[in-house]
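One structure is given below, encoded as structure tokens.
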Amino acid sequence: MKLVGENMNVMSKTLGPAMRERDAGPIRKMAENIASKNVDFIDINLGPARKQGAEMMEWVVKTVNEVTDIPLFLDTSNVEAMEAGLKVVKRDKGKPVINSVSARPERMEALFPLAKTYEAGVVALLLGVDGIPRDENERGILWSELMVKCTEFELAPQDVYVDPIVLPVNTQQNQVQGCTNFMMMFRDIAPGYSSTCGLSNISNGAPEHLRPILNQTYSVILNHLGMESAIVDAFDADLTAFARGGKAEIRDLILKAVNGEDIDTASLSKDMLDYVKTAKLLLGQSLYSDSWLEL
Amino acid sequence: MAFETPKINYSGKIREVKLGKSKNVSVGGESAYPLYLFEGENPNPPKIAMEVFDLAPEEWADAVIAPFKDVAGDPVAWAKLNVEQHGADMIALYLVSTDPNDKNMDAAQAAETAKKVAQAVDVPVIVYGTGSEEKDAEVLAKVAEACEGLNVIIGPVQEAGHKKIGAPCIGYKHTVSANTPIDVNLAKQLNILLGNLGVNADNIIIDPTTGGLGYGIEYTYSVIERIRMAALTQQDAQLQQPIISVLGREVWKCKEAKMGAEDEKYGDPTKRGILMEAVSAVSMIISGADIVVLRHPETVKLIKQYLKAFFN
């Protein structure tokens with residue numbers, strides 16, 4: 001699975017002020033750190049970027065490109081800032097990707113032309129005028145709306161990264177099934193298209209020390225169902241190991257749970273058992289509580 | 001092919017919790033969804049607890065203070081009236097005198113009141129603090145001590161203060177009412193934490209927080225429903241507890257229940273409040289409540305009639 005490092009984010013207490021004050025030091029340092037972690041893309045998340053968004057995006061992209069030519073995901077809801085980034089971003093190692101375009105007419109009309117003009121990829125976010133879809137079927141409807149527009153703007157399928165929207169398991173456990181079930185149909189309803197997701201959202205709100213096991217386990221499940229990339233914490237070495245095909249024993253165990261096979265839990269180490277419990281939680285077979293690993 | 005009635009596949013059962021000083025009242029024990037008597041057992045029909053305040057209520061609607069005007073301010077007499085005249089299965093004593101934002105009265109005195117009430121009636125007694133983390137820790141610990149041997153139900157025990165109240169409940173052998181803010185995952189988590197503390201699962205009931213009619217009761221309905229689904233069909237051992245719906249105070253504090261007869265289209269103020277309370281109670285029983293806490297004697301009559309249609 002390809003990895004998009006999510007750590008270049010304006011919400012960070014050190015990076016946010018550095019971006020606003022155009023202090024290149026912390027930005028460069030973070031870019032170098034992420035680049036050293038074996039990621040395929042770096043996500044530059046500026047959020048809404050309402051004030052001087054275009055200038056900020058241009059500057060951050062240039063600053064990051066000074067230290068790495070890993071391709072970038074440009075992540076902002078400000079269309080002007082998006083275009084400013086696309087104009088200057090390096091593309092030696094691959095196309096930049098617009099993150100993201102929801103199934104709202106004004107977003108599609110504004111951003112798909114930019115993808116065409118600047119030969120960029122796009123994240124097609126399954127979010128509609130009515131907000132977050134409630135299940136896999138509503139995700140399917142939103143995908144059909146997005147696909148029609150992608151075709152209209154002649155975007156190449158492999159450049160469109162479908163994002164089914166990962167939601168937190170602690171408060172919206174049923175919605176996790178919506179995302180998982182959508183991925184089960186993904187290969188049939190979006191042949192040739194790419195896919196990605198904001199993986200860390202699965203563990204948003206869960207106890208901090210338990211976030212990695214949720215992220216890792218869900219990455220294995222989604223990857224198995226055809227998810228090709230994920231926007232992730234670049235510094236989770238175990239997650240990277242899973243994405244690169246490592247930890248085969250644990251992966252097999254998680255997939256046994258996905259396939260509903262019997263698992264002899266008595267013979268498992270604590271570590272292995274934790275992954276089984278987490279898989280069952282993510283598959284909706286047990287109800288979430290912060291202490292799920294203690295049960 | 002002959003028609004086959006669809007049937008839920010139950011894999012779990014609700015624990016039976018014995019309440020009261022002589023442990024003669026049981027709640028829970030269901031092996032099927034609420035009132036699904038055609039699919040499984042419900043050995044213990046839902047119980048009605050009636051409210052008693054430890055001080056004379058100051059802001060109650062006329063319609064609901066009228067039946068209690070001779071006993072308001074005397075919690076023991078009030079509790080006896082509820083049991084002897086109105087047929088309450090249980091008493092729910094609110095220690096409103098201890099509210100830190102109001103009278104903020106002494107914990108020891110409130111605990112003494114709780115003891116007197118619990119001694120005066122044969123039915124199980126629920127003792128509730130005001131929901132203030134700090135004050136409840138003090139008040140309910142004293143209640144636990146004063147009521148030793150009386151097996152009262154103490155609450156609300158919330159996640160933040162669960163150790164300070166849970167520990168004396170273990171020590172003095174009481175039942176814990178575990179209260180969480182209308183959320184199935186948090187309800188499960190609190191039961192796990194209480195278990196870790198050493199509270200026996202046979203001494204826990206779930207208070208999932210009840211929203212008033214028109215003020216969020218539908219959220220409570222869904223959460224109770226979800227708790228029962230997890231307990232009965234997903235073998236979720238942490239949620240296999242009886243449920244209490246504390247609804248009387250939620251109904252009677254809302255604007256529509258407190259209004260008088262000034263606006264004709266709202267109808268008769270007494271009937272209005274009673275019907276609001278009755279509709280709420282029926283909703284909570286349908287969703288899975290084992291205990292409903294009610295205020296007005298007429299509501300109690302209506303709910304008893306309703307339950308008769310299902311049981312005996």
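Per chain, numbering begins at 1; letters A, B, ... match sequence-line order. Only a predicted model underlies this, so the values are computations on that prediction, with no experimental measurement involved.
- R104(A) places no side-chain N or O within donor-acceptor distance of the main-chain N or O of L127(A), the cut-off being under 3.5 Å.
- Interface residues of residues 215-232 of chain A toward chain B, defined by a heavy-atom distance below 4.5 Å: none.
- In this structure, N9(A) contributes its side chain and L46(A) its backbone to no donor-acceptor pair below 3.5 Å.
- Neither the backbone nor the side chain of L186(B) comes within less than 4.5 Å of any heavy atom in chain A.
- For the pair G155(B) and L140(B), the tightest heavy-atom approach, listed with the atom from each and the gap, is O-CD1, 3.4 Å.
- Contact of the I153(B) side chain with the V127(B) side chain is not registered, since no non-hydrogen atoms from C-beta on lie closer than 4.5 Å.
- Using a 4.5 Å heavy-atom threshold, the side chains of L199(A) and L239(A) count as touching.
- Between V246(B) and I244(B) the shortest side-chain heavy-atom distance falls below 4.5 Å.
- When atom types are taken as modelled, the side chain of N45(A) and the backbone of G47(A) share a donor-acceptor pair closer than 3.5 angstrom.
- Put simply, the side chain of W143(A) reaches to within 4.5 Å of the side chain of L126(A), judged on heavy atoms.
- Counted within 6.0 Å of CD on E106(A), heavy atoms from surrounding residues, nucleotides or ligands total more than 12; the atom is thus considered enclosed.
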Let me see the donor-acceptor pairs closer than 3.5 Å between chain A and chain B, or none if nothing turns up.
unit_1	atom_1	unit_2	atom_2	d
G284(A)	O	Q234(B)	NE2	3.3
L287(A)	O	K188(B)	NZ	2.7
Y288(A)	O	N185(B)	ND2	2.8
D290(A)	N	Q189(B)	OE1	3.0
S291(A)	N	Q189(B)	OE1	2.8
S291(A)	OG	Q189(B)	OE1	3.2
S291(A)	OG	Q189(B)	NE2	2.8
E294(A)	OE1	N196(B)	ND2	3.4

